[in-house]
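A short write-up of the structure that comes next.
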2 protein chains.
Amino acid sequence: MLTAPLPRGDGLALWRQIASRLEAAITSGQLVAGARLPTETDLAEALAVNRHTIRRAMEELTGRGLVRVEQGRGSFVAEEVVEYPLGSRTRFSEIIRAQSREPSGRIIRIAEIPAEGRVAELLKLRRGRAVVVAERLGFANGRAILLGMHHFPAHRFARIAALLADNPSISAALAASGVPDYRRQITRITARMPSPEEAELLGQARTRPLLLAEAVNTDPEGVPVDVTFTRYAAGRTQLVVEGA
Amino acid sequence: MLTAPLPRGDGLALWRQIASRLEAAITSGQLVAGARLPTETDLAEALAVNRHTIRRAMEELTGRGLVRVEQGRGSFVAEEVVEYPLGSRTRFSEIIRAQSREPSGRIIRIAEIPAEGRVAELLKLRRGRAVVVAERLGFANGRAILLGMHHFPAHRFARIAALLADNPSISAALAASGVPDYRRQITRITARMPSPEEAELLGQARTRPLLLAEAVNTDPEGVPVDVTFTRYAAGRTQLVVEGA
DNA sequence: ACAAATTTGTTCGTATGTATG
DNA sequence: ACATACATACGAACAAATTTG
């Protein structure tokens, strides 16, 4: 229980105990993401400690990203932020699972279109050559994290539309198409506001920005197999670049 | 002149000639960044070609990032986008100069404050230890690109406030403080909307998002010397991750 | 809240020049 | 000489987004 009496003098600082209880309440799902915490005064009273002690616990939790405090409004359980590493072996499902969340995906659209400017250039195709575009939502624990737009050269990956329709995993589809391994080459990152459809698909307010990443995946021989433009829900995602 | 008659049948496609002329007008400074181009219809009329031909030229220029086209509004000379690499040796002035732009900086604020949660953790300092905070605007060709908030451990870098007041270069200040070399360790990237002050300082519309990066710079021994939160003007900056 | 004007986006169809075999 | 493919260029009409009244 959140308000059970706190043992004192056990060598465990009160603020630590309080932080642990709140953390347990959050990770157990008793307090869901976005939920409002009791006011500091209420907590202090219920636990029979000074408000400073509560604040020290809050500081700990905000520092670890579990709680978000807004002056004058209250304290809230932080929405879960997925840390998305941008290494060369980035695989959506592995990343999500590494953070003990359940990955899933949904294909929004598959089409074959002629390659235009940027895509043709990055795939090293002539303008007008056919590419398969696949738009795909990626979820962690059922919550939309990213919206990827993949472009595969149609001549090499003729079957990929059918494969993706069957299983929305990009790496599985590439593996079944004879590319068991690939690496990410360069990612350019910027941000912009979402279109109404993007906000809708990502389940995000239209007033919150998107992170955009552009990446080229190449097979072991260095041939581009996939040009991807990914839109991340900025509030729920943090891209992590390993330095050096 | 932009509207001189176009030679036909010289083996140079009309759209190529048009694209070249527009490119010349842009790179020569005749059309400045952000300037509006004539409408497609006007250009087609002036050059006595079909609007499709103009559009083919525009496609070329947008693909190369020289022009930005907005439906219902018009076409504009693209604002220069700074490519900001996130390697471990990131130095603002070197990056800007490498793109043949003139770097400059301005210190907004220097203060000594006690380290709180995240900063203390990343700097491996005890909470409450003094840190020097320096807020600094970075410009390329006089245009604000980023707003960095640096945190230095005060005990090690006592003179840094004075040094920065004299010369706003972070790397120069660190060098003068006995750290000639440092590397960036990890960068977390996310995005959010700017506060009114941030938008003001960066000279950016409040409706355009910021890119946020969190980085730790360490000396060659791996000791943290600077924790930095950088806010990039998303419309003018593209972070580039080399995937190795 | 609505209408009109402006501007870019898309999709037809048609014709011509050029390179290839 | 002929057929074919492809890029180029033109014309017309309509759709969609934005700005203005």
Side-chain angles (χ1 to χ4, degrees), chain A residues 108-135 147 149 151 153-156 158 191-202 204-207 209-210 212 229 231, chain B residues 2-26 31-79 81 204-209 234-235:
Chain A
I108 303 298
R109 179 176 77 102
I110 301 187
E112 196 167 316
I113 61 165
E116 31 86 23
R118 187 97 184 120
V119 171
E121 179 188 334
L122 291 173
L123 277 178
K124 295 179 185 159
L125 288 180
R126 272 214 300 274
R127 269 184 8 94
R129 285 312 188 78
V131 290
V132 176
V133 229
E135 229 167 340
L147 178 56
M149 188 145 126
H151 303 76
H155 64 94
R156 181 167 177 190
R192 64 163 167 78
M193 302 312 290
S195 72
E197 301 80 50
E198 288 167 337
E200 161 80 27
L201 283 168
L202 287 166
Q204 183 181 278
R206 283 211 305 277
T207 54
L210 300 179
L212 302 200
F229 303 110
R231 289 148 286 183
Chain B
L2 207 59
T3 58
L6 294 165
R8 292 177 185 239
D10 281 10
L12 241 186
L14 292 176
W15 67 264
R16 276 198 186 284
Q17 301 186 45
I18 296 167
S20 301
R21 284 196 189 175
L22 288 169
E23 181 180 357
I26 290 168
L31 288 169
V32 298
R36 183 174 186 161
L37 298 180
T39 69
E40 296 176 354
T41 318
D42 285 356
L43 271 178
E45 199 170 333
L47 292 166
V49 298
N50 193 277
R51 184 161 79 102
H52 286 303
T53 310
I54 302 292
R55 286 180 62 73
R56 181 64 189 85
M58 289 296 192
E59 198 179 323
E60 175 74 12
L61 295 172
T62 53
R64 289 197 288 140
L66 283 150
V67 165
R68 161 178 54 92
V69 177
E70 295 181 34
Q71 183 172 14
R73 300 227 311 131
S75 303
F76 306 85
V77 179
E79 301 185 23
V81 173
Q204 182 182 277
R206 282 212 305 277
T207 56
R208 306 193 79 175

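Lettering of chains follows the sequences in order, A, B, ..., and the numbering in each one begins at 1.
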Between B:Thr41 and C:dT6, does any side-chain N or O lie under 4.0 Å from OP1 or OP2?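 So the side-chain polar atoms of B:Thr41 never come under 4.0 Å of the phosphate oxygens OP1 or OP2 of C:dT6.
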Is there a side-chain contact between B:Asn50 and the phosphate of D:dG11, meaning an N or O under 4.0 Å from OP1 or OP2?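 Yes, B:Asn50 has a side-chain N/O under 4.0 Å of OP1/OP2 on D:dG11.
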Which nucleotide, if any, forms a Watson-Crick or G-U wobble pair with C:dA4, using both distances under 3.5 Å?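 Result: D:dT19.
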For side chain to side chain contact (heavy atoms under 4.5 Å, CB included), just list the numbers for B:Thr53 and B:Leu47, CA-CA rounded to whole Å, side-chain angles, deciding distance to a tenth of an Å, and then say yes or no. CA-CA 10 Å; B:Thr53 310; B:Leu47 292 166; over 6 Å; no
Nearest to the side chain of [X], heavy atoms from C-beta on, is which of [options]?
X: B:Thr39; options: C:dT7, D:dT8, D:dT18; result: C:dT7
X: B:Leu14; options: D:dC10, D:dT19, D:dA13; result: D:dC10
X: B:Arg73; options: C:dT8, D:dT19, D:dC10; result: D:dT19

Test your reading of the model: is there a side-chain donor-acceptor pair from B:Gln17 to the backbone of B:Pro7, 3.5 Å cut-off?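 Between the backbone of B:Pro7 and the side chain of B:Gln17 there is a qualifying donor-acceptor contact (under 3.5 Å).
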Treating B:Glu40 as the side-chain partner and B:Arg55 as the backbone partner, does any N or O pair qualify as donor plus acceptor under 3.5 Å?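 Flag not set: sc B:Glu40 to bb B:Arg55 has no pair under 3.5 Å.
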Would the base of C:dT10 count as contacting B:His52 through its side chain, where contact means a donor and an acceptor less than 3.5 Å apart?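 Donor-acceptor pair under 3.5 Å: no.
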Any base atoms under 4.0 Å from B:Arg16, or only sugar-phosphate, or nothing? Heavy atoms, all strands.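 Answer is nothing: B:Arg16 stays at 4.0 Å or more from every strand.
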How long is the line joining CD of B:Glu70 and C1' of C:dT8, in whole Å?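 Rounded to the whole Å, the gap is 11 Å.
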How long is the line joining CD of B:Gln71 and P of D:dA16, in whole Å?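 About 9 Å, once rounded to whole Å.
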For a side chain to side chain contact (heavy atoms under 4.5 Å, CB included) check, start with the C-alpha distance between B:Leu37 and B:Met58, then their side-chain angles and the critical distance, and finish with the verdict. CA-CA 10 Å; B:Leu37 298 180; B:Met58 289 296 192; 3.7 Å; yes
